[in-house]
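Just below is one structure, and these are the notes that go with it.
For the single chain, residues carry numbers from 1 onward in sequence order. When a ligand or atom number is given, it counts from 1 through the structure's own listing order.
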Amino acid sequence: MKNYTTIKDISNLSETIKEAILLKMNPFEFQDLGKNKTLVMLFFNSSLRTRLSTEKAAKNLGMDVMILNINDAWNLEFEDGTVMNVNTSEHIKEAAQVISQYADIIAVRAFPTLEDKAKDESEYVLNNFQKYASVPIINMESATAHPLQAMADAITISELTEKKTPKVVLSWAPHPKALPQAVANSFVEMMQDLDVDLTITHPKGYELNPEITRNSTINYDQEDALKDADFVYVKNWSNYNDYGKILSQDENWMMTKAKLGKAKFMHCLPVRRNVVVEDAVLDSGQSVVIEQANNRTFAAQVVLKQLLENI
Ligand code: SN0
């Protein structure tokens, strides 16, 4: 693998999931692979799991890790040809080349603006790093995708499924803040590539990018969609069509123990208790959110391993 910016960068998904599960059983097997190699992680936004699990994964492979919260550095300019006489101090052209001298792999977290759809969809932060850096780039959640989370979700479902083709439901939930579509996008793309029966359920008007959902089943009736589900992935996203807006706060969409039935409950975290999902679900044995978060390490580790093998 040359970069990990979308799940499409994985050449053999089922082999990669198997490899991740093997790494989980024997995390220190490839301690020499990352020797004298440095991962630089750049954060434009908050992080808990991504930051710690990716650092842990890198260290399991023997890498050194350096972390920079970009807000502590210079305000970066991404436009070409700008007269930089206002508030951006350094151009991405220099920054990416400079960081490439200190790093063997660069990982970037940069959320969308949720204001300018075209700008967000151009993935200008991630793509400019890819354009000007001379080392592989990992997406730690960009404007439109969260492929490390999707990999952890795929590992979790593979480990826990009791059926060859489980029914997986992605269910929208209310949220007080406008959130990205990134987690939902990558989850949908990942499920489309796995042997699962996927249903997406959300209020009318909350359609994700149709280029991503393509032929996946969308059912606006949450109760009907949840019938016989084996895994229920709950996630809020802000409106894609009326871009970045919150149109519905409908609390009836919150996941409850009654709606969940016998299914396993999944969420990428962080989660707003009793808004997105009620306590009774999170505090039950049906919730697998902690295991999902554990698998973030092995998702990052398999990605780092495949990138290191290609350097
Ligand atoms: C982010 C999102 O993409 O939905 C990161 C998830 C991995 N989530 C949030 O920003 C939640 C913020 C909040 O205040 O609940």
Side chain to side chain donor-acceptor pair (under 3.5 Å) partner of Tyr220, the single match among Glu207, Lys204, His202: Glu207
Heavy atom of Leu269, distance to ligand 1 below 4.0 Å: yes
4.0 Å heavy-atom contact, Glu141 with ligand 1: yes
Minimum-distance protein heavy atom relative to atom 12 (C) of ligand 1: Lys177 NZ, 3.6 Å
Heavy-atom donor-acceptor pair, Asp104 side chain to Thr38 backbone, under 3.5 Å: yes
Which segment of Arg49 sits under 4.0 Å of ligand 1 when only heavy atoms are counted: neither
Geometric class of the Tyr243/Tyr240 ring pair [parallel <30°, tilted 30-60°, perpendicular >60°]: perpendicular
Shortest protein heavy-atom distance from atom 11 (C) of ligand 1, along with the residue and atom involved: Leu179 CD2, 3.8 Å
Any Pro180 heavy atom less than 4.0 Å to ligand 1: yes
Test item: side-chain donor near acceptor, Asn3 and Asp9, under 3.5 Å: no
is_close_aromatic(Phe111, Phe44), centroid dist under 6.0 Å: no
Shortest protein heavy-atom distance from atom 13 (C) of ligand 1, along with the residue and atom involved: Arg272 NH2, 3.4 Å
Close-contact set for ligand 1 against His175 heavy atoms, below 4.0 Å: 13 (C), 15 (O)
Option from Lys163, Lys262, Lys264 for which salt bridge (charged side-chain N to carboxylate O under 4.0 Å, His left out) with Asp230 holds: Lys163
Lys119 charged N/C atom sitting above Tyr124 aromatic ring, 6.0 Å / 45°: yes
Closest protein heavy atom (residue, atom, distance) for atom 4 (O) of ligand 1: Lys235 NZ, 2.7 Å
